[in-house]
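This report refers to the structure that appears directly beneath it.
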Amino acid sequence: DGFIYLLLQERGGIGAGLFPLFYVVTACFYMVLSIPAGLVADRLGRMPVLLAGYSVLGLLYLLLMTFPGAGLWSVAVCLVLFGLFYAATEGVLTAMASALIPSEIRTSGLALMVTVVGVGKLISSIVFGWMWQTYGIGPSLLVFGVALAALLPMMGLFLRAARVTDPR
C-alpha cells in the first residue's frame, strides 16, 4: 500500500503534508463500500466479488502505469479504487475461510489466514521495493500487474476445485 501511495504522491504532485490523507481516504471508501460488496457477494456469490476486487487492483496498476502525470482527480479515483479493492476482498475472503474452517478451530484458523496474508504482503512489499529501486517503477508495476493477471484465473480455478465458494 505504501508504495502505491508514494507513487500517487509523486505522480499527483501532492505535498507531504497531505500524504497521510491517502490512508484516510482509502479507509473511508473501504468502510462505505464494504456493506454493498458484502450484499453483492450474498446475492451473486463470494468468488465473483473476490475476483472482481482483485481485478480492480489490476485496473489500479494499469492506471498507475498509463498516467505518468496524474492530477488531484486521478489520485482521488485511484484512492476510491483502492478502497473498493479492499471492500471487495477482505470481508469476502474471511467469509470464504469461515465457511471452510471447522467451528472448534475457527478463531485460530482465521488468525492463521490473516497471518499468512500479512506475510505475503510483507514479502511482496520487499520484492516490489527492491524492483522499484533496481529497475524503476514502470517495470515493477508491469511485473506485478502481469502476475496478478496470470494468477486471477488460476485462483478462480483453484477455488472452484476446492469448493470454497458457496453454490451460487
- Task: Applying side-chain contact (heavy atoms from CB on, under 4.5 Å), run through Leu84 and Phe29 and close with a yes or a no.
- Result: CA-CA 7 Å; Leu84 178 59; Phe29 280 100; over 6 Å; no

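- Residue Tyr23 holds its OH atom at 11.0 Å from CG of Leu79, rounded to the nearest 0.5 Å.
- For the residue pair Cys78 and Leu64, the shortest heavy atom distance occurs at SG-CD2, 4.3 Å.
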- Query: Hey, mind stepping through Met96 and Val92 against side-chain contact (heavy atoms from CB on, under 4.5 Å) and telling me if it holds?
  - Reply: CA-CA 6 Å; Met96 292 171 88; Val92 173; 3.9 Å; yes

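- Residues Met31 and Phe85 fall into different hydrophobic clusters, defined by Ile, Leu, Val, Met, Phe, Trp and Tyr side chains chained together at heavy-atom separations under 4.5 Å.
- Under a hydrophobic clustering in which Ile, Leu, Val, Met, Phe, Trp and Tyr are joined whenever their side-chain heavy atoms come within less than 4.5 Å, directly or via other members, Ile35 and Val40 fall into different clusters.
- Contact of the Tyr61 side chain with the Leu57 side chain is registered, since non-hydrogen atoms from C-beta on lie closer than 4.5 Å.
- Not counting sequence neighbours, the partners of Phe82 by the ring pair (Phe, Tyr, Trp, His ring centres under 6.0 Å) test are Tyr5, Tyr86.
- Counting heavy atoms from C-beta on, the side chains of Thr94 and Met113 come closer than 4.5 Å.
- Of all heavy-atom pairs spanning Ala88 and Gly53, the tightest one is CB-CA, 3.6 Å.
- Rounding to the nearest 0.5 Å gives a distance of 12.5 Å between CG of Leu112 and OG1 of Thr107.
- Taking all atoms of both residues into account, the shortest heavy-atom contact from Pro20 to Ala16 is CD-O, 3.6 Å.
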- Run the side-chain contact (heavy atoms from CB on, under 4.5 Å) check on Phe22 and Val75 step by step: do they pass? CA-CA 9 Å; Phe22 289 1; Val75 170; 3.9 Å; yes

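- Linking Ile, Leu, Val, Met, Phe, Trp and Tyr whenever their side-chain heavy atoms come within less than 4.5 Å leaves Leu39 and Val56 in two separate clusters.
- Closest non-hydrogen pair, Ala37 versus Ala87, comes out as CB-O, 3.4 Å.
- Under the 4.5 Å side-chain criterion, counting only non-hydrogen atoms from C-beta, Leu110 is in contact with Arg106.
- In this structure, CG on Leu60 lies 12.5 Å from OG on Ser55, to the nearest 0.5 angstrom.
- Qualifying side-chain hydrogen bond (donor to acceptor under 3.5 Å, both in side chains) partners for Glu90, counting only residues two or more places apart in sequence or in other chains: Tyr30.
- In this structure the side chain of Ile14 never reaches within 4.5 angstrom of the side chain of Leu8, judged on heavy atoms.
- Note: Leu7 CG to Met65 CE = 11.0 Å, rounded to the nearest 0.5 Å.
- Ser124 contributes a side-chain N or O that, together with a main-chain N or O of Lys121, makes up a donor-acceptor pair within less than 3.5 Å.
- The environment of CG in Leu21 is crowded: more than 12 heavy-atom neighbours from other residues, nucleotides or ligands sit within 6.0 Å.
- Remark: Phe19 CZ is packed, more than 12 non-hydrogen atoms of other residues, nucleotides or ligands lying under 6.0 Å away.
- The number of heavy-atom neighbours closer than 6.0 Å to CD of Gln133, taken from other residues, nucleotides and ligands shown, is 12 or below.
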Identify every side-chain donor-acceptor pair in residues 136-156 under 3.5 Å, counting partners at least two apart or on other chains, and give the distances.
from, atom 1, to, atom 2, distance (Å)
Ser140, OG, Met131, O, 3.3
Ser140, OG, Trp132, N, 3.1
Ser140, OG, Gly136, O, 2.7

